[in-house]
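Taking it in order: structure first as structure tokens, then the write-up.
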Amino acid sequence: NAGVMQNPRHLVRRRGQEARLRCSPMKGHSHVYWYRQLPEEGLKFMVYLQKENIIDESGMPKERFSAEFPKEGPSILRIQQVVRGDSAAYFCASSPVLGVQPQHFGDGTRLSIL
Amino acid sequence: QQQVKQSPQSLIVQKGGISIINCAYENTAFDYFPWYQQFPGKGPALLIAIRPDVSEKKEGRFTISFNKSAKQFSLHIMDSQPGDSATYFCAATEETSGSRLTFGEGTQLTVNP
């Protein structure tokens, strides 16, 4: 998983707080994907971004969740007013151009909600 | 139609044995089928992948068999080793439409010494 950097690796929040998860793609990659992995389950697609543009957000919950990938800096997945059900591992993957595989994954952020 | 079904959920194999994990899909537009290996606390790492123009792909001890008509594909791990103990995920995507991966539920493989 060298190259895709996610931080923090672990994040603890109380119910109602905000969580910000950051992802820096591999060098030269301009496309970022976010996936969520609930305990004992596979990864579920959330959102796909290109710099300054959301390509596909069909997997994002309608409320409280947002994502951005600015021209400069990492991609951010933001969860407002967290609830216990948001506890999961959130993984970011990157690819160099639209439609090109494979996607390279980071080691994830483990979000725990107290 | 976007689901990928994976089985078994867990698998225990003796060292030196063959591990076989199966996946089935519905969406005939899928055109790229990777397998990922995940160790605890780590992200998924690409193991091997296949496109539907071939029926088999082999890389070292890992082989993907692909049956387009049955919409099934499988991972075979030959000469399984304790270091192969991990969770394995199959996935599928339409490369030309943005490439969101649809994952199977995962198989927890344990290789006993």
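Every chain is numbered from 1, with letters handed out A, B, ... down the list of sequences.
Taken together through direct or relayed side-chain contacts under 4.5 Å among Ile, Leu, Val, Met, Phe, Trp and Tyr, A:Leu11 and A:Tyr90 form part of one hydrophobic cluster. Linking Ile, Leu, Val, Met, Phe, Trp and Tyr residues whenever their side-chain heavy atoms come within less than 4.5 Å places B:Ile77 and B:Leu11 in a single cluster. One hydrophobic cluster, built from ILVMFWY side chains closer than 4.5 Å, cannot hold both A:Ile76 and A:Met46; they sit in different ones.
When the candidates B:Ala49, B:Gly41, B:Pro34 are compared by the number of heavy-atom contacts under 4.5 Å with chain A, B:Gly41 comes out ahead.
B:Gln38 touches chain A through its side chain: at least one heavy atom from C-beta onward sits under 4.5 Å away, while N, CA, C and O do not. At a 4.5 Å heavy-atom cutoff, A:Gln6 makes no contact with chain B through either its backbone or its side chain.
Within 6.0 Å of CD in B:Gln108 there are 12 or fewer heavy atoms belonging to other residues, nucleotides or ligands. For CD of A:Gln81, the number of neighbouring non-hydrogen atoms (other residues, nucleotides, ligands) closer than 6.0 Å is 12 at most.
Summarising the geometry, atom NZ belonging to A:Lys44 is positioned 11.0 Å from atom CZ belonging to B:Arg100; distances are rounded to the nearest 0.5 Å. In this structure, OH on B:Tyr36 lies 5.0 Å from CZ on A:Phe105, to the nearest 0.5 angstrom.
Contacts of A:Arg20 classified as salt bridge (Lys or Arg N to Asp or Glu O under 4.0 Å), with partners at least two apart in sequence or in another chain: A:Glu18.
The shortest distance between side-chain heavy atoms of A:Tyr33 and B:Leu101 does not fall below 4.5 Å.
Between A:Asp107 and B:Gly43, the closest heavy-atom pair is OD1-N, 3.0 Å.
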